[in-house]
Amino acid sequence: MHVFDVVIAGGGPAGSACAWKLRGEGVDAAIVDKAVFPRDKICGGWITPQVLNLLEMDPGEYARGRVLQPISAFRTGVIGTEAIETSYARTVSYGIRRREFDEFLLRRSGAQIFEGVPVATIARNGGAWVLNGSIRGRVLVGAGGHFCPIAHAMGAANTHESPVVAQESEFAMDGRQRAACRIRAETPEVYFCRDLQGYGWCFRKADVLNVGLGRADRRRLSEHVSSFIKSMAPRIGFEIPPPRGHAYLLYGSMPRKIAGDGWLLIGDAAGLAFPFSGEGILPAIESGIVAAELIASGATENYGARLAQRFDTTPGWITGLGARIPHSVLTKIAPRLLRSRWFARNVVLDRWFLHSNI
Ligand SMILES: Cc1cc2nc3c(=O)[nH]c(=O)nc-3n(C[C@H](O)[C@H](O)[C@H](O)COP(=O)(O)OP(=O)(O)OC[C@H]3O[C@@H](n4cnc5c(N)ncnc54)[C@H](O)[C@@H]3O)c2cc1C
């Protein structure tokens with residue numbers, strides 16, 4: 001039997017941040033992940049600078065041998081219409097590759113790592129948790145993403161959830177593709193669906209291209225993705241590999257119970273992505289750090305309140321608007337709103353994407 005203070009199921013950004021913070025607090029943790037790292041994760045790989053600050057990461061050190069693409073401008077609009085460009089005089093975000101980023105965080109966490117080990121059984125024995133009959137911890141942290149086995153064992157499978165559904169394709173471009181591609185690395189492109197139920201993106205990170213689309217409404221996702229990719233053909237300049245899909249929950253949309261006697265959920269397992277942008281890496285890391293602090297101080301009963309304090313500051317997702325305003329009216333006002341330079345900078349980018357208000 002392997003014995004730890006804390007056992008974390010899932011070694012994504014949430015699990016690794018939690019283990020890293022626990023180690024800083026002198027608490028012994030193990031991470032159990034079904035994948036062997038480096039592993040791929042379906043994700044745009046856009047991060048806000050707070051991510052690096054919270055993890056006390058030195059951008060220069062991280063960028064050695066890895067992709068860390070500075071972002072200082074955006075092109076925004078409605079799919080199929082003209083875009084407008086908003087520039088900043090500084091780096092406002094970064095682009096990373098999840099296979100590199102997640103492995104870096106995992107190895108740096110200082111936790112004992114069980115890789116290639118799916119969580120198959122969860123038992124309680126003498127007040128402690130035991131995973132797979134052999135990994136034991138006083139506290140159990142569920143960090144296994146949207147389909148986290150701990151979340152499901154604690155009842156998530158029985159709740160009615162409406163996740164964001166998304167598809168994307170990420171690949172390294174060859175010389176011909178690089179020459180044809182008109183997407184600029186420091187300027188990601190974001191185009192909203194006319195019904196404001198989601199958006200598509202084209203995001204170049206050095207020589208890697210990431211193209212995808214996510215929607216709050218799961219119906220006809222593939223059609224929306226295909227028509228977005230078609231509309232971007234002149235800017236992409238070549239055919240992209242078929243996209244792959246995944247789902248996750250936005251904060252405020254989840255009826256999941258996120259903590260109980262001796263256990264907590266962090267990151268996507270808890271459904272914490274920012275409602276407007278769908279950004280999930282920052283909330284995953286923040287929740288991992290908060291969970292670690294509370295575990296170390298023996299105050300895990302405050303976990304829900306701490307998260308609510310931090311994340312309950314943004315009302316609804318853009319699709320809240322989509323749900324309240326008739327479709328015929330929305331399709332008329334959305335292109336007009338998104339053509340406004342003021343709206344693009346102050347609302348879409350500063351508030352929704354860069355969350356300068358929180
Ligand atoms: C298409 C798409 C694009 C996105 N783009 C962005 C973006 O650009 N920026 C952003 O901030 N967020 C983005 N997100 C959201 C972001 O990817 C997630 O919010 C983030 O990965 C959550 O991190 P996590 O650590 O909670 O979970 P994950 O990163 O999903 O990690 C969970 C880990 O648990 C492991 N695991 C799962 N099941 C088991 C099991 N049974 N046993 C053991 N291990 C298990 C997995 O192998 C995985 O390593 C995007 C999401 C999607 C779907």
Side-chain angles (χ1 to χ4, degrees), residues 7-19 30-51 69 71 93-99 101-103 105-106 109 113-122 131-132 135 141-153 156 163-170 188 190 198-203 205 210-215 221 225 243-251 258 265-274 276-289 291 353-355:
V7 175
I8 301 169
S16 292
C18 184
I31 292 178
V32 184
D33 200 296
K34 66 181 179 186
V36 174
F37 287 67
R39 58 103 176 86
D40 284 320
K41 158 77 179 88
I42 296 179
C43 180
W46 158 67
I47 55 168
T48 41
Q50 292 97 313
V51 164
Q69 174 63 56
I71 295 168
S93 284
Y94 295 96
I96 48 95
R97 292 202 82 178
R98 288 293 299 269
R99 57 181 294 111
F101 185 73
D102 289 16
E103 185 184 29
L105 296 187
L106 182 69
S109 70
I113 301 163
F114 295 87
E115 287 175 86
V117 180
V119 171
T121 62
I122 304 160
L131 297 188
N132 296 357
I135 308 169
V141 177
H146 182 63
F147 300 104
C148 177
I150 312 304
H152 286 253
V164 163
V165 286
Q167 288 185 5
E168 63 142 57
S169 179
E170 177 169 299
V190 173
Y199 66 85
W201 64 88
C202 276
F203 187 10
K205 304 175 269 194
N210 186 298
V211 180
L213 180 137
R215 282 180 61 82
L221 176 67
V225 174
R244 295 184 301 147
H246 192 60
Y248 64 118
L249 292 166
L250 303 174
Y251 186 78
I258 57 169
L265 303 180
I266 59 178
D268 275 8
L272 299 179
F274 282 117
F276 283 101
S277 61
E279 176 186 5
I281 299 172
L282 177 61
I285 286 165
E286 282 201 55
S287 59
I289 290 176
F353 280 78
L354 304 173
H355 35 80

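Both ligands and their constituent atoms are indexed starting at 1 by order of listing.
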F101 and Y94: CA distance, side-chain angles, deciding distance, ring pair (Phe, Tyr, Trp, His ring centres under 6.0 Å) verdict: CA-CA 12 Å; F101 185 73; Y94 295 96; over 10 Å; no
Full working for side-chain contact (heavy atoms from CB on, under 4.5 Å) between W201 and W46: CA-CA 11 Å; W201 64 88; W46 158 67; over 6 Å; no
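Shortest non-hydrogen contact noted between A269 and G142 is CB-O, 3.5 Å. What you find for I31 and G11 is that their closest heavy atoms are CG2-CA, 3.6 Å. Between Q50 and L354 the shortest heavy-atom distance is NE2-O, 4.4 Å. For V225 against P243, the heavy-atom pair with the smallest separation is CG1-CG, 3.9 Å. For the residue pair I266 and A143, the shortest heavy atom distance occurs at CG1-CB, 3.7 Å. Contact between F203 and G95 at its shortest, heavy atoms only, is CZ-CA, 3.5 Å.
Considering both main-chain and side-chain atoms, I266 never comes within under 3.5 Å of ligand 1 through any nitrogen or oxygen pair. For a threshold of 3.5 Å applied to N or O pairs, the pair formed by R98 and ligand 1 contains at least one separation below that value. For ligand 1, the polar-atom distance check finds an N/O of K34 within less than 3.5 Å of one of the ligand's N/O atoms. Ligand 1 has no nitrogen or oxygen under 3.5 angstrom from a nitrogen or oxygen of W201. Considering backbone and side-chain atoms alike, A9 places every N or O at 3.5 Å or more from each N or O of ligand 1. Annotation: G45 places an N or O atom under 3.5 Å from an N or O atom of ligand 1; distance criterion only. Checking only distances, Q167 never comes within under 3.5 Å of ligand 1, N or O to N or O. An N or O contact shorter than 3.5 Å is missing between G15 and ligand 1 by distance.
At the shortest separation from atom 15 (C) of ligand 1 among protein heavy atoms lies Y248 CE1, 3.6 Å. Summary of contacts: the protein heavy atom closest to atom 25 (O) of ligand 1 is A14 N, 3.0 Å. With hydrogens left out, the protein atom closest to atom 9 (N) of ligand 1 is W46 O, 2.8 Å, a heavy atom. In this structure, the protein non-hydrogen atom closest to atom 5 (N) of ligand 1 is G44 N, 2.8 Å. The single protein non-hydrogen atom nearest to atom 42 (N) of ligand 1 is V119 N, 2.9 Å, given as residue, atom name and distance. Among protein heavy atoms, the minimum distance from atom 1 (C) of ligand 1 is reached at A166 CB, 3.4 Å. Closest protein heavy atom to atom 11 (O) of ligand 1: I281 N, 2.9 Å. When hydrogens are left out, the protein atom nearest atom 37 (C) of ligand 1 is G144 O, 3.2 Å; that is the closest non-hydrogen contact.
With hydrogens and angles disregarded, a donor-acceptor distance shorter than 3.5 Å links the side chain of E115 to the backbone of F37. Looking at N132, its side chain does come within 3.5 Å of a backbone N or O of A120 through a donor-acceptor pair. Here the side chain of S287 pairs a donor or acceptor atom with the backbone of G267 at under 3.5 angstrom. N210 contributes a side-chain N or O that, together with a main-chain N or O of C43, makes up a donor-acceptor pair within less than 3.5 Å. Side-chain N or O atoms of Q167 include none that pairs as donor or acceptor with a backbone N or O of L213 at under 3.5 Å.
Heavy-atom proximity to atom 49 (O) of ligand 1, evaluated over I31, N210, D33, is greatest for D33. When the heavy atoms of S16, G280, P149 are ranked by distance to atom 12 (N) of ligand 1, first place goes to G280. Of the options A270, S169, P13, G267, the smallest heavy-atom separation from atom 23 (O) of ligand 1 is shown by P13.
Within the structure, ligand 1 lacks A273 among the residues with a heavy atom less than 4.0 angstrom away. Ligand 1 lies out of reach of F203, whose nearest heavy atom is not under 4.0 Å from it. Under the 4.0 angstrom criterion for non-hydrogen atoms, R39 is in contact with ligand 1. Within the 4.0 Å heavy-atom cutoff, V117 counts among the residues contacting ligand 1.
The atoms of ligand 1 that sit less than 4.0 Å from any heavy atom of C43 are 2 (C), 3 (C), 4 (C), 5 (N), 6 (C), 7 (C), 13 (C), 14 (N), 17 (O), 50 (C). Near F37, meaning under 4.0 Å from one of its heavy atoms, ligand 1 places the atoms 49 (O). Heavy-atom contacts of A143 reach the following atoms of ligand 1: 32 (C), 33 (C), 34 (O) (cutoff under 4.0 Å). Which parts of ligand 1 touch D268 is read off a 4.0 Å heavy-atom cut-off, strictly below it: atoms 18 (C), 19 (O), 20 (C), 22 (C), 26 (O).
Taking 4.0 Å as the cut-off between side-chain N and carboxylate O, E170 and R97 count as a salt-bridged pair.
Residues R39 and R98 meet the side-chain proximity criterion, which asks for heavy atoms closer than 4.5 Å. Annotation: side chain of I150 is in contact with side chain of L265 (closest heavy-atom distance under 4.5 Å). Residues I122 and L131 are in side-chain contact: their nearest non-hydrogen atoms beyond the backbone lie under 4.5 Å apart.
Only the side chain of K41 comes within 4.0 Å of ligand 1, counting heavy atoms alone; its backbone N, CA, C and O stay farther away. Proximity of F101 to ligand 1, defined as any heavy-atom pair under 4.0 Å, is not found for any part of the residue.
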